[in-house]
Amino acid sequence: MEYDELLHWLLRDPVAVAPDLLGAVLTHTTAEGAVSVRLTEVEAYRGHRDSEHADPGSHSYNGRTARNEVMWGPPGHLYVYFTYGMHYCANIVCGPAGRSSGCLLRAGEIVEGIDLAMARRAAARKESELARGPARLAQALGITREHNGAALDGEFRLLPPARRAPSVLNGPRVGVAGAGGSADYPWRFWLPGEPSVSAYRAAKPRTRARTAGNAVVR
DNA sequence: CCCTCGATTCTCT
DNA sequence: GAGAATCGAGGGT
């Protein structure tokens, strides 16, 4: 698929793009080799507060910031963010520029470069754990902050599925606090019967109090 | 399988 | 200053 054809395919609402991404293959090629993942679970994040359909779960809900800058650009690029002090997660920006929408890549099956993916994912004990969860998927593909904004026409390539998945399940997004994590936003999409699909986890509020037990307070 | 909890630093208010 | 679109270890069922 040509890049401009891919862009046209991505130039839609993330809630429409997300289920269509299931079965797509994302490849990252580096000097170490190529790793490809067949996507089995994604989440849609839609626009910002001023758009027609606000999404309180989106990183861009409160407007443009340094972190979410890439989301405001054209589709066909990776939006990579750093979270919990140690993990990276990747989105595919979709929709027209200025809309700030994207699809979080939550899980997939490694279909190429398993040895390299295993080497990057030392903690994984089974192949099904290589890309089960967004930070694991990013690690298996070797995605870090330097790839924020990368276009899908170079070291990264996205091959949409030949045909739309015949069966797609959906439900609330994982780990999203507040209204965005409610059943009103059932924008997590996954393929049934896939061992790589991550276990659902509701957002769990963490407060300073819960972690202050061994914090050095001065 | 399940659950709870600590790690670690960036981001935005 | 507080919380984060998470993971992995450890212990129980």
Side-chain angles (χ1 to χ4, degrees), chain A residues 14-15 17-18 21 37 39-49 54-72 78-95 100-108 117-118 120-149 170-190 195-218:
Chain A
V15 177
V17 171
L21 276 172
V37 64
L39 301 176
T40 58
E41 181 189 5
V42 301
E43 282 176 356
Y45 287 88
R46 184 194 266 169
H48 63 112
R49 177 180 287 165
D55 176 4
S58 173
H59 281 177
S60 61
Y61 183 61
N62 289 317
R64 203 164 187 146
T65 68
R67 178 176 69 163
N68 66 35
E69 181 66 28
V70 170
M71 287 188 83
W72 300 83
L78 293 183
Y79 163 50
V80 180
Y81 67 92
F82 179 72
T83 191
Y84 289 102
M86 61 196 91
H87 300 302
Y88 295 100
C89 298
N91 295 246
I92 291 175
V93 176
C94 62
S100 195
S101 291
C103 293
L104 171 68
L105 309 180
R106 282 204 60 87
M118 286 284 272
R120 288 170 173 157
R121 292 268 308 115
R125 299 177 202 174
K126 301 180 288 189
E127 284 188 9
S128 62
E129 291 179 352
L130 283 176
R132 188 180 197 225
R136 291 165 170 174
L137 184 152
Q139 189 174 28
L141 284 181
I143 295 175
T144 67
R145 81 174 59 247
E146 71 187 281
H147 301 117
N148 185 36
N170 71 291
R173 294 175 295 192
V174 174
V176 178
S182 74
D184 293 337
Y185 299 86
W187 294 346
R188 172 193 184 216
F189 300 87
W190 67 94
S196 61
V197 172
S198 57
Y200 174 75
R201 291 189 201 185
K204 196 170 178 184
R206 296 182 328 145
T207 65
R208 200 73 169 145
R210 274 188 68 223
T211 57
N214 45 5
V216 178
V217 181
R218 47 184 301 284

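In the text below, chain A, chain B and the rest are named by the order of the sequence lines, each starting its count at 1.
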*What integer distance in Å separates A/E69:CD from B/dC12:P?*
11 Å
*What is the distance from atom CZ of A/R173 to atom OH of A/Y200, rounded to the nearest 0.5 Å?*
10.5 Å
*Looking at residues at least two apart in the chain, or sitting in another chain, which of them share a side-chain hydrogen bond (donor to acceptor under 3.5 Å, both in side chains) with A/R67?*
none
_Interatomic spacing from OH in A/Y88 to OG1 in A/T83 - rounded to 0.5 Å_ = 11.5 Å
_Which residues share a side-chain hydrogen bond (donor to acceptor under 3.5 Å, both in side chains) with A/E41, sequence neighbours left out_ = A/R106, A/R188, A/S198
*Taking CG from A/N62 and C1' from C/dG3, how many angstroms apart are they, rounded to a whole number?*
14 Å
*Rounded to the Å, how far apart are A/N68 CG and B/dT11 C1'?*
11 Å
*asked:* How would you summarise protein contacts on nucleotides 6-13 of chain C per nucleotide, using B for base, S for sugar-phosphate only and - for none, with heavy-atom distances below 4.0 Å?
replied: BBSS----
*asked:* If I take atom CG from residue A/L130 and atom OG from residue A/S196, how far apart are they, to the nearest 0.5 angstrom?
replied: 10.0 Å
*Report the distance from atom CH2 of A/W190 to atom OG1 of A/T40, rounding to the nearest 0.5 Å.*
11.5 Å
*How many angstroms lie between atom SG of A/C89 and atom CG of A/L78, to the nearest 0.5 angstrom?*
12.5 Å
*Give me the residues of residues 179-188 of chain A where at least one heavy atom lies under 4.0 Å from an atom of DNA chain C, by number, or none.*
none
*Just the dot-bracket of DNA chain B, please: which string comes out with Watson-Crick or G-U pairs under 3.5 Å, [ ] for crossing, | for another strand?*
|||||||.||||.
_By the 4.0 Å heavy-atom rule, please label A/A177 as base, sugar-phosphate, or nothing._
sugar-phosphate
_So A/R67, base contact, sugar-phosphate only, or nothing? Heavy-atom distance under 4.0 Å._
sugar-phosphate
*Take A/Q139 and A/R120, measure what side chain to side chain donor-acceptor pair (under 3.5 Å) needs, and give me the verdict at the end.*
CA-CA 6 Å; A/Q139 189 174 28; A/R120 288 170 173 157; over 6 Å; no
*asked:* With rounding to the nearest 0.5 angstrom, report the CG to CE distance, A/N148 to A/M71.
replied: 10.5 Å
*Parallel, tilted or perpendicular: which describes the rings of A/Y79 and A/H59, with under 30° parallel and over 60° perpendicular?*
perpendicular
*Please state how far atom NE2 in A/H59 lies from atom P in B/dT13, giving the value in whole angstrom units.*
13 Å
*Tell me, please, which residues at least two apart from A/W187 pass ring-ring contact (aromatic ring centres under 6.0 Å, His included).*
A/Y185
*Rounding to a whole Å, what distance do you find between A/Y45:OH and C/dA4:P?*
12 Å
